[in-house]
Protein chains: 2
Amino acid sequence: MPTPTTRELIVEQADLLFYEGGYEATSFAEIAAALGISRGNFYHHFKTKDDILEAVITRRIEKTRAMLDGWQAEGVDPRARILSFIRLLIANRAKIMAFGCPVGTLSLELAKLDHVAQDRAAEVFGLFRDWLVRQFRALGAGERSEALALHLLVWSQGVAVMASSLRDETIIPREVEGIDHWLATLPDLAPAR
Amino acid sequence: MPTPTTRELIVEQADLLFYEGGYEATSFAEIAAALGISRGNFYHHFKTKDDILEAVITRRIEKTRAMLDGWQAEGVDPRARILSFIRLLIANRAKIMAFGCPVGTLSLELAKLDHVAQDRAAEVFGLFRDWLVRQFRALGAGERSEALALHLLVWSQGVAVMASSLRDETIIPREVEGIDHWLATLPDLAPAR
DNA sequence: GACGAATTAGGTCATCCGTCCTAGAAATCG
DNA sequence: CGATTTCTAGGACGGATGACCTAATTCGTC
């Protein structure tokens, strides 16, 4: 792995802090202090705070694309690929319970701020949706694929909101089990391998 | 209806602005300007911003309780009562698409701010959950009632997040139809009247 | 080693926020 | 009516933030 540039470090740290503390509530000083660099240093890499947000969103889009490509290459069973998506809820459950889903919470915050980057932030959801649609199509869901993909996104986002709001440890595993069962019993699809 | 006091007007306006713009991003000046009163007037009614938040949450809890009590009094069919809850998504869909669910978004924002009022804000979810549990129990769901109630909350919150993130008009009606179907075909419950 | 480009440090500036004070207006009540 | 309390207006404050500049340093390349 090449040594990350300062710019990359800033974007990485900003990504984390925007997730944990929210975009607006996170200041330049916080990011700088977390990295141990000076505040004024930011202006060289990012003219405005919106530029950092743009870079963070771009990073998230790229990371998501790479993750989806990785899952795509893992095997030929679309059901197993969808399960990889669902397993994100389990793998990240500690952070989800503390801060919700990074994509959903940023999107909601930008909607309230009426921020221009709102649509761009939602592109991550678009990536997941399109990828899920392809999996459902491969399962033979045909025209229903779009609705099924969106339903899966709805379900997982709801899990994130309720788990973090009620801080109930049992919600994520129980609902993931429900999603697994739903996926296994969807009617009129190619059978599981 | 009695003439609302200045304090009540402040809480009402703050409730709306916290919903539409977020808690932290809404300033005293904004609320004051929206009401046409002076900033200094606030200090007489609320010492700190947290006090206003506390009052807003209390107002939401009371409104929610009144709404649930109203549904409870409307008839004897628990299925119809649950449908009243689901219909909230339809009735409020314009605002939900613009700003998400007021309960979910506030809860998520307070979680990121690590705000002391986080649990208190989640009490609204607790009210819905407990009320829904009672309805499912009345339907004969027994031990499953808690999980079913939470699943309904999960589902509706997911709808709110995805509808506002993707700004897709079709999500809310399609998913509400899915919830209706789910509710009508839940196994081993008392039949619909 | 020289030199130009990239990077960094430290600091300034205007603005806005929440908080708080004081003086006056309005309402309440003996 | 006067007295006392409640309410309102407007402004002042310390602090924090985003935006921005300048000088010094580091680094790659010849």
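Residue numbering restarts at 1 for every chain, and letters A, B, ... go by the order of the sequence lines.
Within the helix from C/dG1-D/dC30 to C/dG30-D/dC1, the inter-axis angle between the opening and closing five-pair segments is 20°, rounded to 10°.
At distances below 3.5 Å, not a single donor-acceptor pair connects side-chain atoms of A/Q118 with backbone N or O atoms of A/S107. For A/T26 (side chain) and A/L17 (main-chain N/O), a donor-acceptor pair under 3.5 Å exists by modelled atom type. Between the A/R87 side chain and the A/S84 main chain, no donor and acceptor come within less than 3.5 Å of each other. With B/R81 contributing its side chain and B/G75 its backbone, the two residues share a donor-acceptor pair below 3.5 Å.
Applying the ring-ring contact (aromatic ring centres under 6.0 Å, His included) test to residues at least two apart or on different chains, the pairs with a partner in residues 39-61 of chain B are B/F28-B/F42. Applying the ring-ring contact (aromatic ring centres under 6.0 Å, His included) test to residues at least two apart or on different chains, the pairs with a partner in residues 52-85 of chain B are B/W71-B/W131, B/F85-B/F128. Residues in residues 89-108 of chain B take part in these ring-ring contact (aromatic ring centres under 6.0 Å, His included) pairs, two or more places apart or across chains: B/Y19-B/F99.
Residues of residues 110-120 of chain B having a heavy atom closer than 4.0 Å to DNA chain D: none are found. Only B/I37, B/S38, B/R39, B/G40, B/N41, B/H44, B/H45, listed by number, bring a heavy atom of residues 35-56 of chain B to less than 4.0 angstrom from any atom of DNA chain D. Within residues 16-28 of chain A, the residues approached by DNA chain D to less than 4.0 Å at the level of any non-hydrogen atom are A/T26, A/S27, A/F28, in residue-number order.
Taking every nucleotide of DNA chain D with any atom under 4.0 Å from a non-hydrogen atom of chain A, the first and last of them, 5' to 3', are D/dT17 to D/dC21. Read 5' to 3', the first and last nucleotides of DNA chain C with an atom closer than 4.0 Å to a heavy atom of chain B are C/dC17 to C/dC20.
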Mind running salt bridge (Lys or Arg N to Asp or Glu O under 4.0 Å) on A/R167 and B/D119 for me, showing each step along the way?
CA-CA 9 Å; A/R167 291 199 274 208; B/D119 290 338; 2.5 Å; yes
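Residue B/V133 is not grouped with residue B/V124 when hydrophobic side chains (ILVMFWY) are merged at heavy-atom distances under 4.5 angstrom, including chains of intermediate members. Cluster annotation: A/L88 is connected to A/L132 through the hydrophobic network of ILVMFWY side chains, with a link wherever side-chain heavy atoms come within less than 4.5 Å. In the hydrophobic clustering of ILVMFWY residues, with side-chain heavy atoms under 4.5 Å counting as a link, B/L16 and B/L110 come out apart.
Partners of A/F18 according to the ring-ring contact (aromatic ring centres under 6.0 Å, His included) rule, which considers only residues two or more places apart in sequence or in another chain, are A/Y23. Residues satisfying the side-chain contact (heavy atoms from CB on, under 4.5 Å) criterion with B/E175, sequence neighbours excluded, are A/H151, A/V154, B/W155, B/V159, B/I171.
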Name the atoms and distances for all side-chain donor-acceptor pairs under 3.5 Å in residues 32-40 of chain B, with sequence neighbours left out.
from: B/S38; atom 1: OG; to: B/N41; atom 2: N; distance (Å): 3.4

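At least one side-chain heavy atom of A/E146 sits under 4.5 Å from a side-chain heavy atom of A/R129.
A/R174 CZ: more than 12 foreign heavy atoms inside a 6.0 Å radius.
Looking only at atom types and distance, the side chain of A/T58 has a donor-acceptor partner in the side chain of A/R120 under 3.5 Å away.
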